[in-house]
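Just so you know, these numbers come straight off a predicted model, no measurement behind them.
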Number of protein chains: 2
Amino acid sequence: MKGVGRSGAPTMLDVAREAGVSVATVSAFINNTARVSPGTTGRIETAIRRVGYQRNAVARSLKLGKTHTIGLTVPHITNPFFTEVVAVITQAFDRAGYAVMLFCTDENLSNQDEQIRLLLDRMVDGLIVARVGDDEAFGNIVRTAKVPIVLIDRLCDGIDLDAVVLDNKAAVFEAIEYLARLGHKRIGYITGETDIATMRERDAGYRAALAARGIAFDPLLVRRGDFHEKDGYSAAMQLMTLPDRPTAIFSANNPMVVGAMKAIRDLGLRCPEDVSVICFDDFPFADVFQPQMTTVRQPVEAIGEQAVAMLLDRINGNAPTDPRRLTLRGRLMIRSSCVAVPAASSEPQSQSA
Amino acid sequence: MKGVGRSGAPTMLDVAREAGVSVATVSAFINNTARVSPGTTGRIETAIRRVGYQRNAVARSLKLGKTHTIGLTVPHITNPFFTEVVAVITQAFDRAGYAVMLFCTDENLSNQDEQIRLLLDRMVDGLIVARVGDDEAFGNIVRTAKVPIVLIDRLCDGIDLDAVVLDNKAAVFEAIEYLARLGHKRIGYITGETDIATMRERDAGYRAALAARGIAFDPLLVRRGDFHEKDGYSAAMQLMTLPDRPTAIFSANNPMVVGAMKAIRDLGLRCPEDVSVICFDDFPFADVFQPQMTTVRQPVEAIGEQAVAMLLDRINGNAPTDPRRLTLRGRLMIRSSCVAVPAASSEPQSQSA
DNA sequence: CTAGGTAATCTAAACGTTTCGAAACTGTCA
DNA sequence: TGACAGTTTCGAAACGTTTAGATTACCTAG
């Protein structure tokens, strides 16, 4: 007979009765939002212990209009980039006293749509999203949201939101440039669909680096997939069975590179002897096995920390009204998966593994 | 002037007024919990669209005593085992219409304590936890919880809860036995502290396999750390600089094996030529680089799915009153990181890499 | 002895739902 | 015409908090 919510858990009213005061006083004591006399303080404290009171956060949220909860959606949590970003974000929010509700959209627009809707229904105080789908669709979902949102990894052209992203073009430019310096002229490029701005930027970096080095762009060398391992596998298969096959492969996404490596292996080829490879997004195992993978590393710590800071600023009203966009630099982690192209290289500079 | 919660979002009352009916009717329509005439249905539908109504899940939860939200805590989300389990669990709950709040305890008892408290305050409908700390401490936290809990990965001796775990003893028995069959007699063992039952079981598997093969247990060959990469590094360092160093290493946890591999490399040793290694918990990159890592794989899919099913059963009252404990079998994924010990083997059976 | 100030506490109305029991219709049949 | 059953709809009380404004108790100063 203690109410029905939370299986009849004791409420403030129980505490109040036990202590012989009103619920207002109990509330005032708990939130110390008003002075309460030492005597009552004591009685309330013991009453709380006696009845085993725990605050009911949902009633509190309803009244206050704040849940101290934020929503986080990412495409795939098993992609090591997202794993790490999720790790730093959850930790940062934990420290700030927030809970985070996590959803994986699996690159699926309608999943994302529904998940964000669910999150909004639950009155989250804010959202961090690594979005999927095209810009317009996302804009529609988001325009109705009344809470702050910060985008990570992927911007949205149609709508102005806080965001922290990578300078994708520069990052792949550097990687492709590095391959070109090693004498590679046929550089395969495995990537995702162009409906995602991030991928368009990476594409631009690829073409710009080629152009800067005077290498002709060959559409046969670019293969698009859906970010999954199997897509990487078939992409690399096609690439490496081309009549004039590439001497290097750049994968614009991490799960796809594991497929690519498997394809290379299944073809009886070796990396780096037969083909150099670089992939986007560093991962913990990159430097423990052979070959040690050359990758472009995103500053995951900074991305997570900054996104959380931005969102918290907005929630607390400490942010300027204009959306802020933070663009971070990637870093090429040069290891051993790339070597100079052996023969027929017209580049004078040579470099051995 | 539309109320304060959710930044003045429209409420049922707004819809009711717009449609010229009472909130009770609107509620009845939305949840279709009572018949409402076609005419009113139409008016309510358009009213909802006109005012842009979205249900307020927290008010609903308060009234209903159910949040359709569950809490999930794991030690480290970057440990690939947990990454995958978290992925499976979030997806399964998503499909069931539940949101999941995720916390990482970082192997820290007081974190876990506080996080579970937070979750309970928020009236989650259930909890899935891969717990940390000793049994007694955990028992105390959990005994006050009024909602169902299912344990994964790690049991708790003091208290009876639903659980899905691995047959850890059998799993490491099989791995050590495999090494012994390859002729290894000095098998280094890198593991965690014994306050965790899971680790005690793995220890038991190690000792049992040794005993079964008539190999003497040498305490110098076991090194305990705190699950982190650096612990694995120093453990392997110590092991491989022993006067009579091991010819094989088994790591009872995944992050520690990357430290171990780095130590092996830094010592100028090679795997598997100089030392065979096996590690607990498979990971996506295990078979793409050299050496391809021999691992013991937990059935992550099944663990996640079963845990979710158990919890949902409890929540819906479809579970027997006695706690259920599901013990799954691991699987040794034999790849190329282990070879037969080259010389001085008294085992007649030999096997080349 | 009382006015007035301060400190402590209380009453009651929200927050946005759900739901029970009652009320208001409709139509049918005696 | 009126009683009755069957639909729809409604009013109002919860769920467990927070908080503004009112009330009480207590002191001090005049």
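A salt bridge is absent between B:R143 and B:E136: the closest approach of a Lys/Arg side-chain nitrogen to an acidic carboxylate oxygen does not fall below 4.0 angstrom.
Proximity of A:T40 to the phosphate of C:dA8: no side-chain N or O atom is located under 4.0 Å from OP1 or OP2. Distances shown here put every side-chain N or O of A:S61 at or beyond 4.0 Å from the OP1 or OP2 atom of D:dT17. Distances shown here put every side-chain N or O of B:T11 at or beyond 4.0 Å from the OP1 or OP2 atom of C:dC15. Dashed line: the shortest gap from a side-chain N or O of A:R35 to OP1 or OP2 of C:dA7 is not under 4.0 Å.
In this structure, A:N56 places its CG atom 8 Å from C1' of D:dT17, rounding to the nearest Å. Between the NZ atom of B:K66 and the P atom of C:dG16 there is a distance of 24 Å, rounded to whole Å. One atom, NZ of A:K146, and another, C1' of C:dG16, lie 16 Å apart when rounded to the nearest Å. Counting to the nearest Å, the C1' atom of C:dT18 and the CG atom of B:L62 are 11 Å from each other. Atom CD in A:Q54 sits about 14 Å away from atom P in D:dG16, given to the nearest Å. To the nearest angstrom, C1' of D:dG16 lies 8 Å from CE of A:M12. Per the geometry, CG belonging to B:L13 stands 11 Å off C1' belonging to C:dT17, to the nearest Å. As rounded to whole Å, 12 Å separates atom C1' of C:dG16 from atom CZ of B:R55.
Nearest approach of B:M12 to B:V26, heavy atoms of both residues: CG-CG1, 3.9 Å.
The ring pair (Phe, Tyr, Trp, His ring centres under 6.0 Å) test applied to B:Y98 returns B:H68, B:F93, not counting sequence neighbours.
Contact check of residues 26-34 of chain A against DNA chain D (heavy atom, cut-off under 4.0 Å) returns A:S27, A:N31. At a non-hydrogen distance threshold of 4.0 Å, A:A24 from residues 15-25 of chain A come into contact with DNA chain D.
Residue B:Q91 holds its CD atom at 8.5 Å from CG of A:N111, rounded to the nearest 0.5 Å. Note that CD1 of A:I30 and OG1 of A:T25 are 11.0 Å apart. Values are rounded to the nearest 0.5 Å. Summarising the geometry, atom CZ belonging to B:R131 is positioned 7.5 Å from atom OG1 belonging to B:T198; distances are rounded to the nearest 0.5 Å.
In this structure, B:R117 forms no cation-pi arrangement with A:Y53, as its terminal cationic atom is not both closer than 6.0 Å to the ring centre and no more than 45° off the ring axis.
With D:dG16, C:dT17, D:dT8 as the candidates, the nucleotide lying closest to the side chain of B:K63 is C:dT17.
Tested against B:F138, the residues B:N140, B:D135, B:V142, B:D134 include a single side chain to side chain contact (heavy atoms under 4.5 Å, CB included) partner, B:V142.
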